[in-house]
Amino acid sequence: MDNSIKKLVGDFLYKACQESGISLEHLPPIFINQPKKKERGDLSTNLPFSLSQRTGKSASQIGKLLTSPLENEKLFSRVEFILPGFINFFISDLYLKQTLKKLLIQKEKFTQFSLGEGKKVQIEFVSANPTGPLHIGHGRAAAFGDSMANILSRVGYKVEREYYINDVGGQIKRLSSSVWSRLRELEGEKVSFPQDGYKGEYLIEIAKKARKELGSKLSETAPHLLDLLGKFATDEILKEIKVDLEAFGVRFDNWVRESSLHQKKAIPQVLSYLQEKNCLYEKDGALWFKTSSFLPDEEDRVLRRRNGDYTYFASDIAYHQDKLRRGFDRVIDIWGADHIGYVPRMKAAIQALDYPEEALEIIIHQMVTLKRGKKRVSASTRKGEFIPLKEVLDEVGKDAARFFFLSCTCGSHLEFDLELAKKQTPENPVFYIQYAYARICSILENARENRIKIKSPDETGLDLLTTLEERELMRKLSLLPDEVYEAAKSLEPHRLTTYLQELAALFHQFYTRHRVINRDKELTQARLLLVKAIKIAIGDVLGLLGISAPQKM
RNA sequence: GCGCUUGUAGCUCAGUUGGAUAGAGCAUCGGAUUGCGGAUCCGAAGGUCGCAGGUUCAAGUCCUGUCAAGCGCGCCA
């Protein structure tokens, strides 16, 4: 659909440049902004300024050249040049009303774009180790990745969500020996708990379940006892993880186990590939990857230990090669900040595999620090010190939690104060938005009860929408496609939470000042359509964020 | 010690690839309802954008230095 008004304005400017003989070689990228002040119009650009630097002409000369062909354009009611070099655009009511109609007719297609061109994108996120329940940090990644996937698919990408399960290695051994200790505790034995084991109490439940289901297989002399326990425990934990994700509104298309890569012999294969490319060498009995030949500041890393085991890095290279070979046009990883030091070596590995560095896009989200009142809680699965995502969901709900995570840029360190989150629940911004939606539903219900039939936009005189509040609402709605587009382009869902708050505020202001259902039948019709359009917009954007839009609250 | 990230109102955070007079929510104070949902609306107060330099017509935004916080610097994953 490409209903971008900014693109439209940009095209006009481009044409105006052509017509006024400004050399297109000098043309910088055209940026269209929303001015902070209403007096400065609905949209503005600093193009005259940037052009004047490149062409040597004065900004006001260029301003005149650019604005005069636009003066009779129906899209604008006014176009003005302002010193030192801005052009302000005032969108015409005609355009706003046409856009309102489009939104009503096209619904969620209103924000569709051909940007993605049907290209395949894979987003891998959460990928928490199956050694314990999801905690609040995973919640941030889950909310972010999931809504990012929604947004990308809206702008024309084919999106796949993937979860990578590290079900091999030292941590799984620690997990199984921890379960074994818990089991023996249950039998009344006094055991010393493994020092680097998982201390969380959830393992007691799993041990109980293991005793019940595995029964006689669990003797100390049983062969592969720890493997058996490890498999059992990871499966149980994964089940719980899936339940939590489901409750958080997140579903994955694909679950990939690290163990499946081992079965496929993917790791020795990728290593021999790298060997041929002369990226490896042996030292101290171990096999090393020459990270430093790609990034001088990085140290070389071990891929195969002296004892013959592969490192996590080795299997991760195999995993990423596998992903890249699956034929995606974009591969996006979302990692927590605790993996930040891992980025350079992964990028180096990608290049060693003959892909350009950009073939893998890595987004780092900062840690969530937790507070309970004044106490800080660190999140450590190993020590069993963490607030499970489930607990947060139970206390503040899926919608509030997702909204909270999505309102911040993922680069910000954020503090989640559980006490505050609970206290704020009634005044949480997400309820403000949902309330606007429910109010509109209520108005529409009211209209139905009064047997007012809402006519189609073509039959209704939208010209009756003349108040300031109505214009502001139409203006905001007309900018929605650009917001979605920009959120997709910059991979920043939080733009949409900001947009929703502003839209909801405009609606509440309108609502307190004007009646939708009133004595003037024509005006009622027009306002019902406006309100219906807002409902579509709010509901749609909430959907992109994975937040519910309740008819009643 | 080195690297990455972050420092904006009392608190939690926005701030459009450098733009025009720095924003929102919460908390605080004051006001609004015989109207479609008061989980709302209106107003007040609240800031040396960590600090110091620099770049330029223009810096919260870019550069350098400095202070502080988080994370990372394994033949762990």
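Keep in mind that the numbers below use all heavy atoms, side chains included, and drop hydrogens, waters and symmetry copies.
- For the pair A/R513 and B/C42, the criterion of a side-chain N or O lying under 4.0 Å from OP1 or OP2 is met.
- The phosphate of B/G15 has neither OP1 nor OP2 within less than 4.0 Å of any side-chain N or O from A/T498.
- A donor and an acceptor atom never sit less than 3.5 Å apart when one is taken from the side chain of A/D338 and the other from the base of B/G72.
- For B/G65 and B/G25, the P atoms lie 39 Å apart once the distance is rounded to whole Å.
- No donor-acceptor contact under 3.5 angstrom links the side chains of A/H262 and A/R257, judged on distance only.
- Using a 4.0 Å heavy-atom criterion, one finds that A/A447 contacts no nucleic acid atom at all.
- An OP1 or OP2 oxygen of B/G74 is reached within less than 4.0 angstrom by no side-chain nitrogen or oxygen of A/R306.
- Dashed line: the shortest gap from a side-chain N or O of A/H494 to OP1 or OP2 of B/G15 is under 4.0 Å.
- Backbone-only contact: A/Q171 has heavy atoms under 4.0 Å from sugar-phosphate atoms and none from a base.
- Note on A/N129: only backbone sugar-phosphate atoms sit closer than 4.0 angstrom, heavy atoms only; bases stay farther off.
- A/Y342 comes within 4.0 angstrom of a base, heavy atoms only.
- Atom pair A/R301:CZ and B/G3:C1' shows a separation of 11 Å (rounding to whole Å applied).
- Under 3.5 Å, the side chain of A/K36 and the base of B/U21 form no donor-acceptor pair of N or O atoms.
- The residue A/E492 sits apart from the nucleic acid: no heavy atom pair falls under 4.0 Å.
- Checking the phosphate oxygens (OP1, OP2) of B/C41, a side-chain nitrogen or oxygen of A/Y432 falls inside 4.0 Å.
- Residues A/S127 and A/E162 approach most closely at OG-O, 4.4 Å, considering heavy atoms.
- Whole-Å rounding puts the A/H508 NE2 to B/A39 C1' distance at 8 Å.
- Relative to the side chain of A/F404, the nucleotides B/U12, B/C57, B/A14 differ in distance, and B/U12 lies closest.
- In this model, the phosphate group of B/C42 is approached by a side-chain N or O of A/Q509 to a distance below 4.0 Å at OP1 or OP2.
- OP1 and OP2 of B/U12 both lie 4.0 Å or more from every side-chain N or O belonging to A/S407.
- Remark: A/D11 engages A/K7 in a salt bridge, criterion side-chain N to carboxylate O under 4.0 Å.
- Of all nucleotides listed (B/U5, B/C75, B/A77), B/A77 comes nearest to the side chain of A/E258.
- The same atom, C1', is picked in B/U12 and in B/U56; the two are 35 Å apart, to the nearest Å.
- Protein atom CD of A/E299 is 9 Å distant from nucleotide atom P of B/C75, rounded to whole Å.
- With salt bridges taken as basic N to acidic carboxylate O contacts below 4.0 Å, one links A/R448 and A/E445.
- In this structure, A/R140 forms no cation-pi arrangement with A/F405, as its terminal cationic atom is not both closer than 6.0 Å to the ring centre and no more than 45° off the ring axis.
- Rounding to whole angstrom units, CD1 of residue A/I364 and C1' of B/U6 are separated by 14 Å.
- By the 4.0 Å N-to-carboxylate-O rule, A/R513 lies close enough to A/E469 to be salt-bridged with it.
- Comparing B/C75, B/C36, B/A14 by their closest approach to the side chain of A/S412 singles out B/A14.
- Comparing the P positions of B/C36 and B/G18 gives an interatomic distance of 49 Å, to the nearest angstrom.
- Here the P atom of nucleotide B/A39 and the CD atom of A/Q434 are 14 Å apart, to the nearest Å.
- Residue A/R345 places none of its side-chain N or O atoms closer than 4.0 Å to OP1 or OP2 of B/C73.
- Within the 4.0 angstrom heavy-atom criterion, no nucleotide atom of any strand lies near A/V343.
- Heavy-atom nearest nucleotides on RNA chain B were determined for A/Y312 and for A/N446, and the one closer to the 5' end corresponds to A/N446.
- Proximity note for A/A286 (side chain, C-beta onward) versus B/U16, B/U21, B/C75: the nearest is B/C75.
- A/H514 comes within 4.0 angstrom of a base, heavy atoms only.
- On the P atoms, B/G60 is 30 Å away from B/A27, given to the nearest whole Å.
- When the side-chain nitrogen and oxygen atoms of A/T512 are compared with OP1 and OP2 of B/C41, none of them lie within a distance under 4.0 Å.
- A/Q525 places a side-chain N or O within 3.5 Å of a backbone atom of A/K453 that can act as its donor or acceptor partner.
- For the pair A/L444 CG and B/C36 C1', the interatomic distance rounds to 10 Å; values are reported in whole Å.
- Annotation: B/C49 and B/A44 have their C1' atoms spaced 23 Å apart (nearest Å).
- Taking the six-membered ring for Trp and the full ring otherwise, A/F416 and A/F404 have centroids separated by under 6.0 Å.
- Comparing the P positions of B/U66 and B/U21 gives an interatomic distance of 33 Å, to the nearest angstrom.
- Taking atom P in both B/C41 and B/U5, one finds a spacing of 39 Å when rounded to whole Å.
- Regarding A/D309, its CG atom lies at a distance of 14 Å from the P atom of B/C75, rounded to whole Å.
- At a threshold of 4.0 Å, the pair A/D42-A/R475 counts as salt-bridged, since one of the basic side-chain nitrogens sits closer than that to a carboxylate oxygen.
- Aromatic stacking of A/Y511 on B/U40: not satisfied for centres closer than 5.5 Å together with planes under 30 degrees.
- For the pair A/M553 CE and B/G38 C1', the interatomic distance rounds to 13 Å; values are reported in whole Å.
- For the C1' atoms, the distance linking B/A52 with B/A39 amounts to 47 Å, nearest Å.
- Within 4.0 Å of A/H413, counting heavy atoms only, lies at least one base atom of the nucleic acid.
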